[in-house]
Number of protein chains: 2
Amino acid sequence: MPNSPATKAAPPRRRRKEARPAELTAAALEVFVEKGYAATRLDDVAAQAGVSKGTLYLYFDSKEALFKAVVREGIVPALTEGEALVAGFKGNSEDLLRELATGMWQLIGAQRIGGIPKLVFAEARNFPEIAAFYQQEVIQRGTALIRSVIERGIKRKEFRKVDVAAVVHLVMAPVLMRMIWRHSIDCCAAAGVDDATYFDEYFGIMLRGLRAERKAS
Amino acid sequence: MPNSPATKAAPPRRRRKEARPAELTAAALEVFVEKGYAATRLDDVAAQAGVSKGTLYLYFDSKEALFKAVVREGIVPALTEGEALVAGFKGNSEDLLRELATGMWQLIGAQRIGGIPKLVFAEARNFPEIAAFYQQEVIQRGTALIRSVIERGIKRKEFRKVDVAAVVHLVMAPVLMRMIWRHSIDCCAAAGVDDATYFDEYFGIMLRGLRAERKAS
DNA sequence: ACGGTTAATGACTGAACGGTCATTAATTTA
DNA sequence: TAAATTAATGACCGTTCAGTCATTAACCGT
């Protein structure tokens with residue numbers, strides 16, 4: 001039994017004004033993804049970060065502000081990166097879609113932050129402020145990004161003519177559902193299908209489904 | 001001002017032992033879908049059904065029991081119907097998949113009960129009992145149902161050889177995501193795409209993606 | 001009409017949680 | 001080293017909610 005006799009001796013306070021915000025959003029991400037928004041207790045976030053609840057309120061005005069910070073830090077940069085990829089891409093649109101989806105999966109889906117979309121979908125109704133925020137900062141940019149890829153493919157005659165708005169959602173759905181499964185019923189191994197196989201089949205179906213038919217000469 | 005002078009006169013009690021359970025599950029469905037599981041207050045469910053909270057506990061042991069009753073009443077019968085469709089189907093597998101997906105959408109997705117999957121995905125982590133229940137009674141049967149259709153198609157050489165487990169999830173994803181959108185960020189009109197268009201494009205891509213390539217003679 | 005049965009009620013309990021603020025102590029400055 | 005500054009604390013408040021139970025009243029048989 002180390003640390004005797006007072007095992008519960010209060011650890012010394014540390015003043016670390018600079019490092020706190022990042023530590024707190026990291027801790028918050030952990031707990032939000034684990035518990036959801038409403039069910040996250042700020043005491044738990046504080047404990048996870050090794051500080052008291054009071055300290056949390058020193059850096060963030062409210063639970064909502066804390067959540068927004070987590071999203072801005074974890075998702076928005078990935079979107080910016082995706083936009084850059086699309087803007088500068090030279091090859092065919094199939095490859096672009098592949099790279100974009102794969103990149104987004106690696107940056108978001110496969111990370112802890114990949115638990116956030118589930119949370120937002122789940123609790124949007126109960127927290128309209130958060131829904132509006134996420135709509136603006138993530139969904140609008142995300143769908144615009146996919147749309148630009150689909151339209152590029154159609155314009156270059158690599159993809160069939162399809163209803164772009166619908167297809168944008170169809171392309172995103174399997175990726176989003178993969179994130180959702182991973183963070184809900186069967187943690188980390190949705191029905192025993194590994195990521196590689198899942199994405200292989202995803203591209204196999206999606207790209208065959210989008211490909212412009214080769215007109216018999 | 002009708003009903004004067006005591007506008008707040010307590011409405012008379014009514015004893016309706018037979019009708020209550022169905023009324024209560026209907027009210028519960030409404031509130032669960034609106035608020036989610038944890039955020040649903042049993043007082044609200046009772047109010048929605050026009051009874052007091054005490055009455056609710058007369059018919060259901062707990063919130064959990066109430067929720068299970070809602071699922072058993074609203075989703076399980078649709079699965080049974082789907083199983084019957086597949087078991088007796090004579091045509092080709094493309095048409096079977098079409099009918100199954102369309103039928104499930106009409107029976108579940110387009111109804112209020114279509115809000116339940118979102119809720120389960122969202123809160124499975126926090127309520128393991130409910131996750132296990134839903135896994136057993138819905139997910140297992142649902143995935144088995146889709147799997148049987150995919151396998152049928154491959155066996156009859158109507159579909160390509162694919163990784164069945166992965167494709168089962170890929171086929172379900174767009175339908176599930178449609179339900180989720182509908183009950184979260186943009187209520188009832190996911191990004192301005194109507195159901196008909198969405199499902200047209202869904203089948204267009206999925207079936208093209210699954211179809212066995214016609215070997216050049 | 002009246003007494004017995006039981007469906008229905010709603011005030012109450014105990015636990016939980018977001019947010020506050022007076023107090024404490026680490027660090028800096030003089 | 002002593003005073004000033006401010007980061008950090010945690011007890012506390014008001015509110016919310018699942019579940020309980022003593023009381024009330026609707027219905028039924030006689």
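Every chain is numbered from 1, with letters handed out A, B, ... down the list of sequences.
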As a test of reading the structure: which of [options] is closest to the side chain of [X], going by heavy atoms?
X       : options               : answer
A:Tyr57 : D:dA18, D:dA8, C:dG18 : C:dG18
B:Thr55 : C:dG18, D:dA7, C:dT9  : C:dT9
B:Arg41 : D:dT9, D:dA18, C:dC17 : D:dA18

Roughly, in whole Å, what's the span from [atom1] in [X] to [atom2] in [N]?
X        : N      : atom1 : atom2 : value
A:Phe127 : C:dG18 : CZ    : C1'   : 11 Å
A:Asp44  : C:dG18 : CG    : C1'   : 13 Å
A:Glu23  : D:dA8  : CD    : C1'   : 13 Å
B:Lys53  : D:dC17 : NZ    : P     : 9 Å
A:Phe60  : D:dA8  : CZ    : P     : 13 Å
A:Phe32  : C:dG18 : CZ    : C1'   : 12 Å
B:Glu64  : D:dC17 : CD    : C1'   : 17 Å
B:Lys35  : D:dA18 : NZ    : C1'   : 17 Å

Next item on the list: For A:Asp194 and A:Thr197, run side chain to side chain donor-acceptor pair (under 3.5 Å): C-alpha distance rounded to whole Å, both residues' side-chain angles, the deciding distance at 0.1 Å, then the answer.
Entry: CA-CA 6 Å; A:Asp194 64 85; A:Thr197 308; 3.0 Å; yes
Next item on the list: Please confirm whether A:Lys118 makes a cation-pi placement over B:Phe121, using NZ or CZ under 6.0 Å from the six-membered ring centre and within 45° of the ring normal.
Entry: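 Geometry flag: not set, cation outside 6.0 Å or 45°.
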Margin query: Just to be sure I understand the rule, does B:Leu42 reach a base, reach only the sugar-phosphate, or reach nothing, if contact means heavy atoms closer than 4.0 Å?
Written below: sugar-phosphate
Notebook entry, point to check: Nearest nucleotide by nearest heavy atom, which residue falls closer to the 5' end of DNA chain D, B:Gly54 or A:Leu56?
Noted result: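 Going by which nucleotide is closer to the 5' end, it is A:Leu56.
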Item checked: Short side-chain to backbone donor-acceptor contact, B:Thr143 and B:Ile139, under 3.5 Å -> yes
Margin query: If you assign A:Ala38 and B:Arg14 each to the DNA chain C nucleotide with the nearest heavy atom, which residue ends up on the more 5' nucleotide?
Written below: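 The residue whose closest nucleotide sits nearer the 5' end is B:Arg14.
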Check: Does any N or O donor sit under 3.5 Å from an N or O acceptor when you compare the side chain of B:Lys63 with the base of D:dG19?
Finding: no
Margin query: Between the side chains of B:Arg141 and B:Glu137, is the shortest nitrogen-to-carboxylate-oxygen separation below 4.0 Å, so that they form an ion pair?
Written below: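 Looking at B:Arg141 together with B:Glu137, the answer is no, because their closest N to O distance does not fall below 4.0 Å.
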Note to self: Looking at A:Asp195 and A:Arg178, is any side-chain nitrogen of the basic one under 4.0 Å from a carboxylate oxygen of the acidic one?
What the structure shows: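 A salt bridge links A:Arg178 with A:Asp195.
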Check: Using a cut-off of less than 4.0 Å, is there contact between a side-chain N or O of B:Tyr59 and OP1 or OP2 of C:dA7?
Finding: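 So the side-chain polar atoms of B:Tyr59 never come under 4.0 Å of the phosphate oxygens OP1 or OP2 of C:dA7.
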